[in-house]
Amino acid sequence: MLEIQQLRTDLSNITQQLAKRGYTFPAEAFNALEAERKIIQTQTQELQAQRNTTSKKIGQAKSKGEDTSAIMTEVAHLGDALKQAENQLEHIQHHLQKILLEVPNLPHISVPEGKDETSNMQIRQWGELRQFDFDIKDHVSIGEGLGLLDFETAAKLSGARFSLMKGGLARLHRALAQFMLDIHTLEHGYIETYVPYLVNRDSLRGTGQLPKFEQDLFAVTTGGAESSSAENTPEYHLIPTAEVPITNMVRDEIVPLQSLPLKYVSHTPCFRSEAGSYGRDTRGLIRQHQFDKVELVHIVHPDQSYEALEQLVGHAEKILQKLALPYRVMALCTGDMGFSAAKTYDIEVWLPAQNTYREISSCSNCEAFQARRMQARFRNENGKPTLLHTLNGSGLAVGRTLVAVLENYQNADGSITIPEVLRSYMNGLDQLGSSGAK
RNA sequence: GGAGAGAUGGCCGAGUGGUCGAAGGCGCUCCCCUGCUAAGGGAGUAUAGGCACAAAAAGCUUAUCGAGGGUUCGAAUCCCUCUCUCUCCGCCA
């Protein structure tokens, strides 16, 4: 959410900046509402002041035992006028709020301008692409070839865009998550958290998923309850990312200055409806309704958020480096960034079978955008409550990392070499496949 | 799911219709006193918004005692709904 004062005083500039991301701010509607708001609010407050002073007078008179009927008739008509003004004001404020909640964040000055991903800018590249001397397979063929990846059964159990892993593959998946958690907690100083996977609407509004992106979420109703009618809106949604529960820990809080920065990591499943992505990435583990992710969140002093963003990306990169998976870091352009982000780096891992880099992490500085929605503040140097800055990033998406490991570490016989750093999590196993791992 | 109790400022806690944004205490800040890191005295100490203004300060003003609604000229206080916490019972991985 943007600051409304900024919109009042600096509208044309803001409209211009939002246009860079392809968002058209409804300036005329906003101005009209603001003009109306100003009049009605002033009027309402005047009526309230009038009511307050006369009520006080009545109180004073009564305590002296004086007759109050004269004053009483004076305020008799106040009530209706006041109620009407209050209703009108509330209506306008609602409308304004609705507009505000749907406006995306302003891009940081350093963000490259552009319409879509073709304008994203490569920042750096890491690792050597492996040369294969055999015909490589994609992760689906590899996993199914091993008999450890089974989309058919997953479809029977649930439907499209679900997966089922077994044996060594399921374990490798777990190993990856454990490995990531250990690096982030032991080497990068994050606090491990276990969080709810079902959250309420306030939380989703706080991080920006609601009200605009409800169709991307899964909603949950209590068993046996009336199916969700308009009145009966679902109480919970499945988290699309751990960013939601983690970041919302500071919602409506004022944290002490000394506790900053807060750095949290959590491994959770994520649930996304993938509405509007029909036909995209239908094969394999890349785009699933349910996937695991290790999420990193920073809650920081506003002066430090861009420094924190660099650190955050570095922490995610570290995982790929330790796994020896080649990747590149991209700065997203204005048109490709998410709703809440002021600046985003994507990390893209090399997938040899697709002969391309694919997104495996997205690290964003949301500045005060989420904090303003959440009223997440800290007590600053002068003791004043001040909005925090929030950042989040994947460190990393576990399923996609598994895809990268399968494809980059495949052998000619269809087996997989287990990356060195994961072997201690695999009971010392160094290969999945021919040597007979079940 | 059943029965009961509760939710007040950074914290504790008083307040059952009128001058209450809220006693008192603790904590914190500043000042005074004090031959010394003690004791004492004094002052201050919520947040968000609106108006006006070039801007800041000051000013005027509104809202907020878990949330929302209601009664009333007037609500922390009365009524209704909801949320959360605690105790006991039931059920449950």
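Just so it is clear, the values below take in all heavy atoms, side chains as well, and ignore hydrogens, waters and symmetry mates. A note on names: the letters A, B, ... follow the listed sequences, proteins ahead of strands, and every chain is numbered from 1.
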Taking the side chain as every heavy atom from C-beta outward, state whether A:S340 and A:N105 have any atom pair closer than 4.5 Å.
no
B:rC92 pairs with, by Watson-Crick or G-U criteria that keep both distances under 3.5 Å
none
Under a 3.5 Å limit for both distances, which nucleotide forms a Watson-Crick or G-U wobble pair with B:rU85, could you say?
B:rA5
Find the distance A:I71:CD1 to B:rG18:P and express it as a whole number of Å.
17 Å
Partner nucleotide, any strand, of B:rC33 [Watson-Crick/G-U, under 3.5 Å]
none
Note, A:D216 side chain near A:R272 side chain (heavy atom, < 4.5 Å)
no
Test: A:R205 and A:D202 ion pair at under 4.0 Å:
yes
Just the rounded figure in Å: distance from P of B:rU19 to CD of A:Q60.
9 Å
Salt-bridge test for A:E274 and A:R161: reply yes if a basic N is under 4.0 Å from a carboxylate O, no otherwise.
no
Walk along nucleotides 48-67 of chain B from 5' to 3' and tag each nucleotide B, S or - by protein heavy-atom contact under 4.0 Å, base first, then sugar-phosphate.
SBBSS--------SSS----
Is B:rU64 paired to anything, Watson-Crick or G-U wobble with both distances less than 3.5 Å, and if yes, which nucleotide?
B:rA46
Which one is paired to B:rU71, where only Watson-Crick or G-U wobble pairs with both distances under 3.5 angstrom count?
none
Give none if B:rG17 has no partner; otherwise give the nucleotide forming a Watson-Crick or G-U wobble pair with it, both distances under 3.5 Å.
none
Using Watson-Crick or G-U wobble geometry with both distances below 3.5 Å, tell me the partner of B:rG24, or none.
B:rC12
May I ask you to test the A:H267-A:M180 pair for a side-chain heavy-atom distance under 4.5 Å?
no
Proximal nucleotide (of B:rU71, B:rU19, B:rC73) relative to the A:K56 side chain
B:rU19
